Amino acid sequence: MRAAPVPVELLGALLLLLPSALGDTKPLTPASIRGLNPALYDRYEPGSGVAFTCLDGSRSIPWSALNDDYCDCPDGSDEPGTSACEGVVGATFYCKNEGHIPGVILSSRVNDGICDPECCDGSDEWASGACPNRCFEIGKEYRAQREAELKTRKTGAKIRGTYVKWATGERKRLEDELEKKRAEVLQREVEVERARIALERTEARSKEELEKRKGSPLYTTLLTHRSALTRLRARTSRLEKELEALHNILDELSKGYNPNYQDMAVKAAVVGYGELLNPPQADGTDGTDVKVEEGSEQVGIEDRELDELERKDLEGVLLADLEGMETEAVDNEAGLLWKIDEYIPDALYDSWETVRDLAIEWMIKLGIVGKGAKSGGATTSDGPHVAAAKEAHRELSNQLNRLNNDVRSAQETWAKLSGNEFGRDGEWKKLDGTCVDKVSGDYTYEVCFFGRATQRSNKDSSSNFLGSFTSWNPHAQAGTDEYYTQQLYLNGAKCWNGPMRSATVDLSCGTTNALLSVSEPEKCEYRFKVTSPALCYPVEEGGGASSGAAGVKAEL
């Protein structure tokens, strides 16, 4: 009769007690200690010591107490292969996983009857042997997946390399442009200052000439006539008011006059008022077909004409050149240059604008165009020389402002390329404004890098603004690889009865720039998954960086 087989649990317990029965037997090598992480092998070398010292240095125990399923060390370092120290923070079990990558789990998971994926060799359930070694199959599948990822990364890294090369060229171009523009700014500042001084001198000379001409007899006569005109208009206005009052009195008198009343003075006044209203004609009748000799008719003057005479710019008259008529004609021709704008095609407008401004500038400098020239949509009463000086100063100032704006823009772009805004190597600058889209249900979603995210209806073409680029991953340190794995597009259109729309873009390595999927985990808060070669960093020599250990469970 055969003896009953010994239970596996009992056999494991006997194996644990065997070292104690044999005394303080030292382990042959650290590698023979179950569950020990190779990183700690040097701390478990038997050497010449007669006892094992806990890693925290708190106490020493016999070598036979290692992995005896009893927690002797406060830090759990004496039980790397059992769950005896499961309550100790940091106590872990190391799985060798030969044929795959090593793994680490919490000590509390050892011999719990569950096959942990981190230990594909089943070594975490050594007491029962319930978990088979599946590392060969898992490792094969993992290596195939890694090979595919490596191939994608290598291809994507080549494309990313072109982005980096372009960014390097763009940075060099901006540096050269900045150097050139700054030199132009310095030169233009000198020209503007010279133009300002020339303008002040021209205005001073013009003012001096004006004051000189004000002392001429002609100007004095004009001022005398204007003063007389003003006084005459004031007297005429007063007489008109008095005449109107007299008319009112006589009108009332004629209406209430009694012909039978024998007051000859009153009668004479009424008769005279009637004749004033209806003067007798040349033929003795009161008809209207009376011929008037040519040249005897007196033409009246309107208040509008008198107003114009009083407002006449006498100083402008003094500054008028003898060639004023000719200048005015040429000014009209210069005005035609502006009207031609309406007929120039868009493709040729920039070239035409340069030619037009240059032509008008020289016409002003030569004194051909004066007060009739267009200047900011308004005319000027300055003399030709002052107008030319003002136009030259204005044009140079505008050129200086444009140069300063160009310098600021180039500096901002260069700073972004040299900082973290466009990636650690500037690779994202190539994709600035590049858009990717995806049809999902009734909508087409689109995100333009560093621009906007939108949602367009496939039914009526209406669209919703989901937000504009705000930042990279706010939960990662700027400049790290993780920092560039996410973009935030915030402050979109307000959602009905909800928050402002927003989109979080999760980025990963891919051979193309593509929007793979769209989800809405929260109301009006969208999640985009996007691939881009910009995330495919160069593969390290020797086959690329290892993904490392599978990691400890989330409870750690």
Side-chain angles (χ1 to χ4, degrees), residues 180-216 218-219 222-223 226 308-344 349-409:
K180 179 181 178 182
K181 294 289 186 183
R182 285 172 180 142
E184 290 182 15
V185 166
L186 293 177
Q187 179 182 355
R188 198 68 67 199
E189 286 176 344
V190 173
E191 294 176 357
V192 169
E193 181 62 17
R194 288 176 179 172
R196 184 189 65 80
I197 295 174
L199 174 61
E200 290 179 353
R201 289 176 178 174
T202 304
E203 287 179 331
R205 286 196 298 267
S206 178
K207 183 177 181 180
E208 182 181 351
E209 179 65 20
L210 178 62
E211 293 300 324
K212 181 179 179 181
R213 293 191 181 187
K214 281 183 178 180
S216 66
L218 174 61
Y219 186 71
L222 290 175
L223 288 179
R226 170 172 287 180
E308 291 179 358
L309 287 174
E310 280 194 304
R311 289 197 300 264
K312 186 68 176 178
D313 183 10
L314 299 182
E315 295 182 1
V317 173
L318 291 180
L319 291 174
D321 197 90
L322 294 177
E323 301 177 355
M325 296 298 294
E326 180 181 354
T327 301
E328 183 176 355
V330 178
D331 287 345
N332 293 333
E333 295 178 3
L336 292 176
L337 294 176
W338 295 90
K339 294 181 180 179
I340 295 177
D341 285 6
E342 303 174 5
Y343 306 99
I344 298 299
Y349 188 80
D350 290 340
S351 301
W352 158 249
E353 187 177 22
T354 303
V355 174
R356 180 203 65 201
D357 292 345
L358 183 62
I360 294 179
E361 179 181 351
W362 276 104
M363 291 172 71
I364 293 176
K365 287 181 178 179
L366 296 174
I368 298 175
V369 178
K371 58 186 178 181
K374 184 172 181 179
S375 176
T379 59
T380 173
S381 61
D382 293 320
H385 299 299
V386 175
K390 283 186 176 180
E391 179 64 18
H393 181 262
R394 182 192 65 80
E395 181 60 28
L396 288 173
S397 297
N398 289 342
Q399 292 177 9
L400 178 60
N401 290 335
R402 288 194 292 267
L403 280 173
N404 283 324
N405 290 336
D406 292 343
V407 168
R408 281 192 293 270
S409 177

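Computed from a predicted structure; not experimentally measured.
Leu403 has its side chain out of reach of Gln399: every pair of non-hydrogen atoms, C-beta onward, lies at least 4.5 Å apart.
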Show your working on side chain to side chain contact (heavy atoms under 4.5 Å, CB included) between Asn404 and Arg408 and close with a plain yes or no.
CA-CA 6 Å; Asn404 283 324; Arg408 281 192 293 270; 3.9 Å; yes

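Between atom CD of residue Glu191 and atom CD of residue Glu189 there is a gap of 10.5 Å, rounded to the nearest 0.5 Å. The line from NZ of Lys181 to CG of Asn405 is 10.5 Å long, rounded to the nearest 0.5 Å.
With respect to Glu391 and Arg394, a salt bridge is recorded, a charged nitrogen being found less than 4.0 Å from a carboxylate O. Comment: Glu395 engages Arg402 in a salt bridge, judged by a side-chain N to carboxylate O separation of less than 4.0 angstrom.
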